[in-house]
Amino acid sequence: MKLNIDGLLVYFPYDYIYPEQYSYMLELKRTLDAKGHGVLEMPSGTGKTISLLSLIVAYQKAYPLEVTKLVYCSRTVPEIEKVVEELRKLMDYYTKQTGAKNDFLALALSSRKNLCIHPEVSSLRFGKEVDGKCHSLTASYIRAQHHSNPSQPVCQFYEEFDSVGRQVPISPGIYNLDDLKDLGRRKGWCPYFLARYAILHANIVVYSYHYLLDPKIADVVSKELAKKSVVVFDEAHNIDNVCIDSMSVNITRRTLDRCQTNVETLQNTISKIKETDAAKLREEYRRLVEGLKEANVARETDIYLSNPVLPDEILQEAVPGSIRTAEHFVGFMKRFLEYLKARLRIHHVVQESAPQFLKDIFEKVCIDRKPLRFCAERLRSLLRTLEIADIADFSAITLISHFATLVSTYSKGFTIIIEPFEDKTPTIANPVLHFSCMDPSIAIKPVFGRFQSVIITSGTLSPLDIYPRILDFRPVTVASFTMTLARTCLCPLIVGRGNDQVAMTSKFETREDFAVIRNYGNLLLEMSAVVPDGIVAFFTSYIYMENIVASWYEQGILENIQRNKLIFIETQDAAETSMALEKYQEACENGRGAILLSVARGKVSEGIDFVHHFGRAVIMFGVPYVYTQSRILKARLEYLREQFQIRENDFLTFDAMRHAAQCVGRVIRGKTDYGLMIFADKRYARADKRGKLPRWIQEHLTDGSLNLTIDETVQLSKHFLRQMAQPFRQEDQLGLSLLTLEQLQSEDMLQKIAQIAHQA
Amino acid sequence: MASLSEEVLLVVKRVRQRKQDGTLYLMAERIAWGPEGKDRFSVSHLYADIRCQKISPDGKAKIQLQLVLHSGESTTFHFANESTALKDRDAIKELLQQLLPKFKKKANKELEEKNRMLQEDPVLFQLYKDLVVSQVISAEEFWANRMSLNSVEHSLANNKQQEVGISAAFLADIRPQTDGCNGLRYNLTSDIIESIFRTYPTVKQKYAENVPHNMTEKEFWTRFFQSHYFHRDRINTGQQDIFSECAKQDEKGQKSMVNQGVKNPMVDLLSLEDKTLDEGYGTAKVPTTSNPSNKSLRENSNSAIIKRFNHHSAMVLAAGLRRADAPSDQTSETSSTDGNSRDSDFFQPPLKKVKLQEAIEYDDLQGETVRKTIALNLKKSDRYSHGPTPLQSQHYTTSQDIMNSISIIQHEMRTYKPRLTQVMSSSAASSAITALSPGGVLMQGGGQQTINQLVPTDVQGELKHLYTAAGELLRHFWSCFPVSTPFLEEKVVKMKSNLERFQLTKLRPFQEKIQRQYLSTNLTGHLEEMLQAAYNKFQAWQTRRMMRKT
């Protein structure tokens, strides 16, 4: 249907629309008009993606000079592919309605592992191997060698792309990962570099967060994206962690050992080259004196060694003299390495700030701040000069150099923690140096600064005000949308007690309590008897799950559950878990029904949807707090309190509740879907926890569903499931939660829609 | 004694029935009892009619055996021969135990099928009531036609009988009981053994290898329960254990399953993440430097339990599928003992596309979704669209003609150009429309009310029943033509009398009733016409037959 959103003609590729979609588009339009940033929360399964795409594409078509590009960031590969498919649907609709040929270029970009078509390279299993192998075939000096020595293998797909592919622009259309690969195979071009090149002039780019947030990649891939782009972060509830992860470094003794061998290899190579080709080193020296100009002509294939700090922090000056010659630099690295080794040889925990660390290193081994800042840059230059093919081997020294550059660049927002052993095993020495970022706003700041509109959106962003605070930006719109429902298809219940009235909670003091574990088991057992098809249960941590499963096994609870359903359990091994997941779905599919025991914050809770019969109930055992004893977390909490005036408890609860909401949200993926959401911890009933759940869940949490016993829960569930089992037709929804164009245009509906958006 | 020609399997004398002494015979197809001194059976049941047998508990004074029939009746035999009563009874019981199941299925299936059909189809039930209960036709006649009608789908549904899956908790059902002297007793039933074999083919293999020659069955199961294979959570490695090999094979199977990866890209956790952080980056816990020694024994056993549950569930699932796949030829060889029973190549790329499409679909946003309907399977579609037409019919339009004309009209409509100068004014047009709509000036005379406004609902209902009943009878009647066999001849005569009886006992009273209510008698006109048509046909047939005879 064709919609009029505040004066903008929007093509929407469906015959019907949810009221909240309309409302969402209105808010989005306002944000784009204001050229500002926005935070928008809308439940999953209400067609967020298609609303976003419809509006922004319409905007792009209407004002091609105002918004030149849409950069859509999502989290996982399936998500990315889904977005592109929805886009394809939209574009098909455009062609059908307007009759004009599509002139949009939209494409997905992913890592080499998902795009490589080189027969040898693509058969490798791990992304790192693929990257390394690709690099060894396409690095600029390898290709130069190939010119003089044709027996040196190169990647024919890249060569072909390099010689022909750049001149011919890729024709307009929608390119998903598989389409790119097909195109690459047809033309003999490397799909990965084709995509990297094409994003510069594409109208829509869909890729993962890292390409914008991780400075190591963003610098190379996303450097030249136009300012007039709209950036969307979908599923952004975890965006702060992505930011932090991309700037944090851990160094173990093993890293140092491997770094040691790296340094030795470097030394040997240098002395070898010195004998054969000393001019090369002299040339490099000359270049370094001239400054870092060569960085600008760095080849796209040399992405592997980029700077870990944000572009605006990179010094635009020459490398200091003390590390300019190759031998000096290696010596410098050696000294740094020895220093780190000495620091790891401690017996108590040390926590210090970056300036303290720099001061100490200066006092102990006389290393200045400035050469440290150039470490990453200098190493990159050296590795290129030495023409080292297999760069994956040098990951340890790369890591150390990144650490050096980071620690000397940022004086605020980071902390260094050196732990001599793990908390659980105090007898085994396993020293780790954590250099951890505490301020997510550091990594995302350039994004907010550079692009005119950044939209942060997800199904679970509550409480909305916290994201602008921790990411340090000023949004022009902050809104939360609820799900309009013709029937209440979600049923959140808070179970606080067992039938024996013992409080149910995963609180640290009582979590090992026999009665609590048994009650949890009884809850699952009872639910397995009343809920059809699939049940997903989440635990607060992996270890907790293991313990509970073991004691349920001993108590025979699992055996009884098996009478009703098959049991599958998430393990720490991703391949094993994938298999369990597939079997779980199979069991739901063939009617046997199954239970999946899983972990909050795990991969399942973040990336897998349990639509329809794959999840008729979610049980959240306990409140998924982070492990609060971790020093990194403590440091971060302290930082948050000092910098952003966020109280520790507020943040912890916020973090726990967003993960809980994520877990339970997995079960509802649309208005025709239905599911029970069972929060099995009495603490959920408290206002401070409940209030942090997304509005669309909170709405359905009545006073009657707080602090239930197991029996009451079973009763309510039975009632709910029986109601939901009734046929649900489109007519039931129409006019309430589903609108035709005419209904949408009626006066009082527009009024109602205005209320859907909840301004924070 | 005609029945003596049957094969007699067992004869037991001195069996009382209703306080009368007599002899019990078990024959190939039935059980019979005759009182002493008479050469005729006063009790005789086909095995197919027997639902179950019951015996009196051990230790009771009277040693009895009761047969319960499907009809609910029961017959009790009392074994009176004091010395051998128990033995006699048990012999009968054993033999019946073997015989009954063979017949049970056949009879039950038919009965159940009939029952099911009646329950599922209210129209059929009404018909049954109208025709059989009121004794217009006999039940057999009623079903004879019905069953054959359904026989196609029936046989399809039946010979691929659904395999019963395995309870996931079958191991839990073997509750160990202490026998009082420091031992454990496990109760194994044949069902459980079957389950174990189906779920764990390796155990079956071991069983086949070892059981008769190396050890007794009992010993085998004792070892099974003692082995750590059964108690896999406890980590101990007994090398001489015959099941350690099974455990290894299972592990191997599980590994190969994991290595194969998953077919559904949406659940593949390995390829979920686009770009994982390189080693050493990030705040997440550094993976423990993977020396298993620092894991406590408890943790190890915990993860073993988890692994075991996953494996067990996968095996149970696979066992169910294996059986289901086996008869359906193409997929059979893919089922392997490692618990993976899926075909790999037909799930490849298209699956990804399908799954993606599924994931982005909002079925309620989409417009009218085409409801899945069962397509009418027509052999001659022309016949369907025109109905049975008299053979001498002049000329009728074939569907081709109709199609053509439709397309011509469509074409004309497409090229239709309104001659805007010659249209009438909008006011004139709207007045014409009002005049022609119901209630308008021109619609006065034809104020036709439809039947459902005229006739009370109960009469309507009755009429409907009459129609279905008449339809059924007529169907029976017409299905006899062409009359080619003597059987059909007989049937057609019978059906005609049935029709007449129907007209007399059902239609007439109805007609009288509506006359009494002063409703237009026209209601049954069509019914009568249908009957008349049948009579005419019958007449024609009969005269022709007469002529041929003469």
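Residue numbers begin at 1 in each chain, while the letters A, B, ... track the order of the sequences.
- Using a 4.5 Å cut-off between heavy atoms, A/Ile569 contacts chain B through both its backbone and its side chain.
- Under the 4.5 Å side-chain criterion, counting only non-hydrogen atoms from C-beta, A/Lys583 is in contact with B/Met257.
- Only the backbone of A/Leu109 comes within contact range of chain B, with at least one heavy atom under 4.5 Å from a heavy atom of that chain.
- The greatest number of non-hydrogen atom pairs below 4.5 Å with chain B, out of A/Val549, A/Asp178, A/Thr76, A/Ile17, is found for A/Thr76.
- Looking at B/Arg308 and A/Tyr553, their side chains come closer than 4.5 Å, going by heavy atoms from C-beta outward.
- Rounding to the nearest 0.5 Å places CZ of B/Phe309 at 11.0 Å from CG of A/Leu566.
- Using a 4.5 Å cut-off between heavy atoms, A/Glu79 makes no contact with chain B at all.
- Nearest approach of A/Thr571 to B/Ile306, heavy atoms of both residues: CG2-CG2, 3.7 Å.
- Heavy atoms of A/Tyr18 lying under 4.5 Å from chain B belong to its backbone as well as its side chain.
- Across A/Arg592 and B/Leu317, no two heavy atoms sit closer than the pair CD-CD1, 4.0 Å.
- With rounding to the nearest 0.5 angstrom, the CD1 atom of A/Ile548 is 11.5 Å from the CG atom of B/Asn302.
- With a 4.5 angstrom heavy-atom cutoff, A/Val611 does not touch chain B via any of its atoms.
- Judged by distance alone, with hydrogens and angles left aside, the side-chain atoms of A/Ser578 form a donor-acceptor pair with the main-chain N or O of B/Leu269 at under 3.5 Å.
- Contacts with chain B were tallied for A/Ser737, A/Ser110, A/Ala574; A/Ser110 has the most, counting heavy-atom pairs under 4.5 Å.
- In this structure, the separation between CD on A/Glu81 and NZ on B/Lys353 is 9.5 Å, given to the nearest 0.5 Å.
- In terms of non-hydrogen atom pairs under 4.5 Å with chain B, the most contact-rich of A/Leu581, A/Leu739, A/Val242, A/Thr427 is A/Leu581.
- Contacts of A/Asp609 with chain B are absent, with no heavy-atom separation under 4.5 Å from either backbone or side chain.
- In this structure, B/Asn310 and A/Ile567 have side chains that are not in contact, with every pair of non-hydrogen atoms separated by 4.5 Å or more.
- Taking all atoms of both residues into account, the shortest heavy-atom contact from A/Phe568 to B/Ala314 is CE2-N, 4.0 Å.
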